Amino acid sequence: PEVVFHFRHMPLTKIHSLAMSAALLAESARQSGKFQEVHAALYGMNAELTQEKLKSLEIRYSLSKPKNLEHEGVALDIADANRLGIDGTP
């Protein structure tokens, strides 16, 4: 049997001011086929995340600024979480 991981966005903006920006960057990376690399880099930064580091990742992985599609993807994930009563992440 094959196991498939499906990542969903749940930016905890009350805990980290750059959570939404990071989620949008990750979604942009997913659209570009670079999600795994950017996801690993974001988690490697964790509490040290800054706007400058997000910009650096954007440049390093040749990502474009998030478009409406990325905003919609993150918004749908948040709406699903809210509908299911999820208010945090592991």
Side-chain angles (χ1 to χ4, degrees):
E2 185 176 313
V3 175
V4 177
F5 285 96
H6 183 87
F7 288 88
R8 304 290 301 266
H9 301 288
M10 181 66 179
L12 302 176
T13 55
K14 291 180 182 175
I15 296 173
H16 201 299
S17 64
L18 295 174
M20 181 61 77
S21 295
L24 290 170
L25 182 72
E27 186 63 13
S28 180
R30 186 184 70 77
Q31 295 290 329
S32 300
K34 301 173 184 173
F35 178 80
Q36 293 294 336
E37 299 95 316
V38 172
H39 177 265
L42 286 168
Y43 267 85
M45 292 178 188
N46 200 6
E48 301 167 0
L49 189 61
T50 65
Q51 193 65 48
E52 292 77 22
K53 289 182 180 180
L54 287 174
K55 182 67 177 168
S56 173
L57 289 176
E58 185 181 314
I59 292 167
R60 181 184 326 158
Y61 293 102
S62 302
L63 301 173
S64 60
K65 290 281 186 197
K67 300 180 231 28
N68 284 340
L69 183 61
E70 284 86 15
H71 285 275
E72 290 172 11
V74 173
L76 287 172
D77 286 352
I78 293 169
D80 283 346
N82 289 336
R83 183 178 52 80
L84 295 169
I86 298 169
D87 61 2
T89 61

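Everything quoted here is computed from the prediction, not taken from an experiment. All residue numbers in this chain count up from 1 along the given sequence.
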Residues in side-chain contact (heavy atoms from CB on, under 4.5 Å) contact with [X], at least two apart in sequence or another chain:
| X | answer |
| --- | --- |
| T50 | E52, K53 |
| E37 | K34, Y61 |
| E72 | N68 |

Side chains of [X] and [Y]: closer than 4.5 Å at any heavy-atom pair?
| X | Y | value |
| --- | --- | --- |
| F7 | Q36 | yes |
| V38 | L25 | yes |
| L42 | H39 | no |

Practice prompt. Starting from I86, walk the hydrophobic network (Ile, Leu, Val, Met, Phe, Trp, Tyr; side-chain heavy atoms closer than 4.5 Å) and list everyone else you reach, by chain and number.
Written response: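 Once heavy-atom contacts under 4.5 Å are chained together, I86 belongs with L84.
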Worksheet item: Which hydrophobic side chains are connected to M10, either touching it within the sub-4.5 Å cutoff or through other members that do?
Response: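 In the cluster with M10 are L12, I15.
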Worksheet item: Which pair of non-hydrogen atoms, one from E27 and one from G73, has the smallest distance, and what is that distance?
Response: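 In terms of heavy atoms, the two residues are closest at OE2-CA, 4.3 Å.
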Worksheet item: What are the two closest non-hydrogen atoms of L63 and A29, and how far apart are they?
Response: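 Shortest heavy-atom contact: CD2-CA, 3.7 Å.
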Worksheet item: Atom CD of Q51 and atom OG of S17: how far apart are they, to the nearest 0.5 Å?
Response: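 Rounded to the nearest 0.5 Å, the CD-OG separation comes out at 8.5 Å.
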Item to complete: Indicate, with yes or no, if L18 and L24 share a hydrophobic cluster defined by side-chain heavy-atom contacts under 4.5 Å among Ile, Leu, Val, Met, Phe, Trp and Tyr.
Response: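 Not linked; separate clusters.
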Worksheet entry | Hphob cluster co-occupancy, L54 + F35, side-chain heavy atoms under 4.5 angstrom |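 L54 and F35: separate clusters.
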Could you give the side-chain donor-acceptor pairs of residues 74-83 under 3.5 Å, partners two or more places apart or in another chain?
residue : atom : partner : partner atom : Å
D77     : OD1  : R8      : NE           : 2.7
D77     : OD1  : R8      : NH2          : 3.1
D77     : OD2  : H9      : N            : 2.8
D80     : OD2  : R8      : NH2          : 2.3
N82     : ND2  : I78     : O            : 3.4

Fill in: Any donor-acceptor pair under 3.5 Å from S28 side chain to S64 backbone
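Here the side-chain-to-backbone pair exists.
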